[in-house]
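Comments concern the structure below.
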Amino acid sequence: MTMAIPLLDLTAQYAAIRDEIDQALRAVIESQRFVLGPVVERFERAMAERLGVRYAIGCASGTDALLLALRALETRPGDEVIVPTFTFFATAGAVWNAGLRPVFCDVDARTFNVTAQTVDAVWSPRTRAVIPVHLFGQMAPVETIRILAGERRAFVLEDAAQAIGARRRIGESRVAAGAAGDAGGFSFFPSKNLGCFGDGGLVTTDDVGLAEGIRKLRVHGGEKLYDHEIVGTNSRLDALQAAVLLAKLPHLDAWTQSRRRNAGLYDELLEGVEGVVAPAAEERNEHVFNQYTIRAARRDELVEHLGALGIGTAVYYPLPLHLQSCFRELGHREGDFPTAERLSREVLSLPVYPELGAERIERVGSAVRAFYEGRG
Ligand SMILES: Cc1ncc(COP(=O)(O)O)c(C=O)c1O
């Protein structure tokens, strides 16, 4: 019997670096300093340096990274934040929970990302911020959105949860995800390219005022203990999580290379398969393939076909956010964002994790090809 191929297998990664991780965890346990502290600070410095930003602030999750950044902004009730309707729920949920109004926009069918045009189409005098999401590991065109936002004094918050290590050629430079906007939010949920052993997140920015605001908000709104200038929350990065992340960080580039190689293999295997559109990377982007997401005719039948062969897949995302029942009062209906709606019926993410190896990718690729060639 052939072995199953899961969508993601984190045990292989852990097996390869077990000693490094275990030592790092043990050191934190010996120190008994579990919340913030020197290990978290070391991780924050390492991330700031790596991404090319002044400030990197650890927090409890990627969701909180967005929420804290939005809450640190000066806003008025009723202010709007433009978000793609085709993204993970947290992007819009954070806007809502910050007391702001999510305004959805459509995405580009090739890149799955927002464009300056789709953002501009929903801009209003109340627009206070835009959150371009770097979906599946490829950066959105932040620089063009910044031009719009700069003219109109709006804030650009990158949702870089899926895009650690991604870069984009902007002018003469290569800019990292999280360093292209006014601020960026990262997630270290285990399935991300850099994942911890639970929840974790990070906000990046060059703005000292914003960084100070976020640092306060994550510890109940005060710099000094029991002195609260604003009402914040408890959203800190644990030292155990930071230790895992610091141990994994030196491996991230190699893992990214493997993901990119895997994606290249899929591209070759799926070329010319009628019914499949492989993911397109913009020429100026270094895609890090948190997901390898195809567009597939008869998608749900393909899922069944692959599932029967033991191949794990996932649909990210089956329902665009403007059609979620919790946002009913925003008054949207089917047809409002046709590209996102079509994508939600067509997308399918295939296994692409670094340790997969060519042989398993060939099995997945051949299984997809066989399905469309009627040999499935
Ligand atoms: C695009 C996007 N935004 C935000 C988040 C939220 O991150 P977290 O799960 O760490 O709260 C995620 C990850 O799940 C995500 O994929």
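Counting starts at 1 for both ligands and their atoms, in listed order. The figures here come from the full heavy-atom set of this structure, side chains too, leaving out hydrogens, waters and symmetry mates.
- Here the straight-line distance linking atom CG of Leu157 with atom OG1 of Thr205 works out to 9.5 Å at 0.5 Å rounding.
- Of the charged side-chain nitrogens involved, none lies within less than 4.0 Å of a carboxylate oxygen, so that Glu282 and Arg110 do not count as a salt-bridged pair.
- Partner of Phe104 under the ring-ring contact (aromatic ring centres under 6.0 Å, His included) criterion, out of Phe337, Phe327, Trp96: Phe327 alone.
- In this structure, Arg261 has no salt bridge (charged side-chain N to carboxylate O under 4.0 Å, His left out) partners at least two apart in sequence or on a different chain.
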Is there a side chain to side chain donor-acceptor pair (under 3.5 Å) between Asn193 and Asn290 once you walk through the steps?
-> CA-CA 6 Å; Asn193 288 16; Asn290 180 239; 2.8 Å; yes
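- When heavy-atom distances to ligand 1 are checked against 4.0 Å, the residues falling inside are Ser61, Gly62, Thr63, Thr87, Phe88, Ala90, Thr91, Val133, Asp159, Ala161, Gln162, Ser187, Lys192, ordered by chain and number.
- A single hydrophobic cluster is not seen to contain both Phe289 and Val277; linkage of ILVMFWY side chains at heavy-atom distances under 4.5 Å, directly or through other members, places them apart.
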